[in-house]
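Some notes on the structure that comes next.
None of these values were measured; they are calculated from a predicted model. Quick note on labels: first sequence line is chain A, next is B, and so on, each numbered from 1.
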Protein chains: 2
Amino acid sequence: MRDRVREARADATREMVIEAAWDLSRREGLTGWSLRQLADEVGLKAPTLYAYFDSKHAIFDAMFCQAWRALGELSATWPVDTDRPRASLRAGARSWFAFSTAELVRFQLMNQRIINGFEPSPEAYAASVASYEHYTAQFAAVGITDQAHLDLWTAMCSGLASQQLANDPGGERWERLVDDAAELFCNHVGLPPDPPLMEQG
Amino acid sequence: MRDRVREARADATREMVIEAAWDLSRREGLTGWSLRQLADEVGLKAPTLYAYFDSKHAIFDAMFCQAWRALGELSATWPVDTDRPRASLRAGARSWFAFSTAELVRFQLMNQRIINGFEPSPEAYAASVASYEHYTAQFAAVGITDQAHLDLWTAMCSGLASQQLANDPGGERWERLVDDAAELFCNHVGLPPDPPLMEQG
DNA sequence: GTCTATACTGTGATAGAC
DNA sequence: GTCTATCACAGTATAGAC
């Protein structure tokens, strides 16, 4: 009972620390802040952070886990309309692209090995795997199961997002190409055209 | 005269330091080594490095510059056969992919913002721009000038390379998709099929 | 001119008092 | 759980030998 309360308080503190870490990362870069700075942000001393996290890497691990869980939850909202596979893929691509380009540091943490020596924990890795499985399941629903096709798709999407973030942050130079890329891909895998939408009136 | 000799010696030392920095980066990661370690590698003391480079960032800058110059030189060797634009693009893509995936740390330094606070100097930036212009010129030679098309191509290629490096280092899971990607792209921009090759005999 | 020696500030991390 | 004190190491900079 007491333990539950204590644990909940500790969880809340952990949450607060992670939120502050995201904030600092946005301002100073993912590797541009120290534990002393982070502690200052939440009104603690640096060693106290070790009561909540084993190391600085453990904080990154929690952030990594949170980011992949967020993507997993987002991808659960993508409705797959098997009658309109092309529209479904296009919508999924747009949604993924918007998520990925919304936060540079999140993209870096999820997709690039920007923190030297950081390896996600098994738990954090599982979150990323779960997200990927969500994605494969939705492709399977429209008949795309070939690993090479999935790999080509991940490459195209990640390339568009990383170029957008690196060369036109905040713009839409590569965002505009998402639909083209989706169509290219659909043609490549031999998806039939979606049936025409029946407009009412 | 004396100055020339001295300058040449200094250049040779700089070269040696940069080579050692690449070596350390391969072993420990781009951000995984200190100036003291680097100095040890070349038989100097850390402060001595400041006789050759203004700062650690200046060393990264020299590496960045070297890497982009190497790509620029490589792309100068890509022959563009205007009679066979598809084969030319395919060959260029393969060559670029091989270069990019050959060294993880080089790719990170060139294409990802892995070193916090590092901005390439105007000279180093110019090297990357020169490389890019080489690339646009070769596309122009086969009639591809639309910025959106060039952007789509850079996104596809960089996506393939980064996925290869991140998820199958040393393998060929994404390398196998390079030809497919090139063909997709050629279809998209409306390149005609290459004429059949006349085999002799 | 190039080096060694040294010092300054800040880092992640640990030990132990309370 | 939170703190003070401390550690080894980092990047950086200067003084001074030769």
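- B:Tyr50 comes within 4.0 angstrom of a nucleotide base, judged by non-hydrogen atoms across all strands.
- Residue contacts for A:Ala10: at a heavy-atom cut-off of 4.0 Å it reaches the sugar-phosphate backbone alone, with no base atom in range.
- Residue contacts for B:Phe53: at a heavy-atom cut-off of 4.0 Å it reaches no nucleic acid atom on any strand shown.
- Counting only heavy atoms from C-beta outward, the side chains of B:Asp151 and A:Gln163 never approach each other to under 4.5 Å.
- A side-chain N or O of B:Ser95 and one of B:Trp78 form a donor-acceptor pair less than 3.5 Å apart.
- In this structure, the CG atom of A:Leu44 is 15 Å from the C1' atom of D:dT4, given to the nearest Å.
- Rounded to an integer number of Å, the gap from NZ of B:Lys56 to P of D:dA13 is 14 Å.
- B:Tyr52 places its OH atom 18 Å from the P atom of D:dT12, with the value rounded to the nearest Å.
- Rounded to an integer number of Å, the gap from CD1 of B:Ile59 to C1' of D:dT12 is 12 Å.
- Per the geometry, CD belonging to B:Glu28 stands 15 Å off C1' belonging to D:dC9, to the nearest Å.
- Checked by atom type and distance alone, the side chain of B:Arg86 pairs as donor or acceptor with a backbone atom of B:Pro192 at under 3.5 Å.
- As a whole-Å value, the separation of B:Leu35 CG from D:dG11 P is 5 Å.
- Within the 3.5 Å criterion, the main-chain N or O of A:Trp174 finds a donor-acceptor partner in the side chain of A:Gln164.
- On the nucleic acid side, DNA chain C has its first and last nucleotide under 4.0 Å of a heavy atom of chain A at C:dT11 to C:dT14, going 5' to 3'.
- Atom NE2 in B:His57 sits roughly 13 Å away from atom C1' in D:dT12 (whole-Å rounding).
- Within 4.0 Å of A:Ser34, counting heavy atoms only, lie sugar-phosphate atoms of the nucleic acid but no base atom.
- Judged purely by atom type and a 3.5 angstrom limit, A:Asp81 has no side-chain atom pairing as donor or acceptor with the backbone of A:Ser88.
- The shortest distance between side-chain heavy atoms of A:Arg113 and B:Gln112 does not fall below 4.5 Å.
- When each of B:Arg36 and B:Thr13 is assigned the nucleotide of DNA chain C with its nearest heavy atom, B:Thr13 is the one assigned upstream, toward the 5' end.
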